[in-house]
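Reading through the structure tokens given below for one structure.
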Amino acid sequence: MPTMGNLHAGHLSLIERAREDADRVVYSIFVNPMQFGPDEDLDGYPRTLESDEAALGKHGGVDLLFLPDLRTIYPYGTDSAVSVSLPPLGNDLCGASRPGHFDGVASVVLRLMNIVMPHTLVLGDKDYQQRVLLQRMLEDLHVPAAVVSAEIYREPDGLAMSSRNGYLTAEEREVAPGLHAELGSVAQALRDGACDYAALESVAMANLAERGFRSDYVSVRRAHDLAPPDVFEAGDERIVLAAAWLGKARLIDNIRV
Ligand code: PAF
């Protein structure tokens, strides 16, 4: 499974999920410059290899810890690298405010998969759009591997675990579970039969602002492909997704309905 390190319990839970399907588990840690925009946190991204190795060891270890360097992943350098170009969903939701991000993710994950040649790719559902796009990439490019997803791992107060939670100040950390709470309200309204999606989204955005977030989006989509409501059909599983800034941290979360 691919990670960028700074491992938390959410990352570690992926190992158990992997062991359900696989005899051997390969774990990679590589902070991928191609998925960071010019104004993003590549330089400050937490690199904590020593504690990551200790955490993996305590957790029973993995069969192979793959720690490639930049030249191994990008032999021609990042400026001249062959890059994967994803379909339009790559520029929607998180992709709308992070141009090139998902193409960068796809470009590294395909390289990692070509090196490791796993049967299964384990991905966490916090990065739900990433999972949908990578699944689409594997299918569309005939890569013989299946994606398995692992549930979002949450702190007791509901905050989805993320390496970027470390950017939160103590005060922001108190506010942060509000993102999950707002998604929970939208999910409940959907379960109760509300179907004015635009209204639900704008109320949630206003509530997030009130709580101190700078929200990027709140969006109700079809769960399996993230298509917008105008193509929903009866019985479709839905998902409500959000991204919002709190200080230096851009937090994302989602709930399926
Ligand atoms: O989710 C992440 O940490 C990254 O986007 C991933 C999948 C490891 C690719 O670099």
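Quick caveat: nothing in here was measured; it's all calculated off a predicted structure. Residue numbers start at 1 and run along the sequence shown. Both ligands and their constituent atoms are indexed starting at 1 by order of listing.
- Q129 places a side-chain N or O within 3.5 Å of a backbone atom of C94 that can act as its donor or acceptor partner.
- Minimum interatomic distance between N254 and R154 (heavy atoms only, all atoms of both residues): O-NH2, 3.4 Å.
- For Y197 and F232, the gap between ring centers is short of 6.0 Å.
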Sub-3.5 Å pairs, protein N or O with ligand 1 N or O:
| residue | atom | partner | partner atom | Å |
| --- | --- | --- | --- | --- |
| ligand 1 | 1 (O) | Q130 | NE2 | 3.0 |
| ligand 1 | 5 (O) | Q35 | NE2 | 2.9 |
| ligand 1 | 5 (O) | Q130 | OE1 | 2.6 |
| ligand 1 | 10 (O) | Q35 | OE1 | 2.7 |

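- When only modelled atom types and interatomic distance are considered, Y167 and D41 share a side-chain donor-acceptor pair under 3.5 Å.
- Remark: R136 does not engage D225 in a salt bridge, criterion side-chain N to carboxylate O under 4.0 Å.
- Salt bridge status for R250 with E40: absent, with no side-chain N to carboxylate O gap under 4.0 Å.
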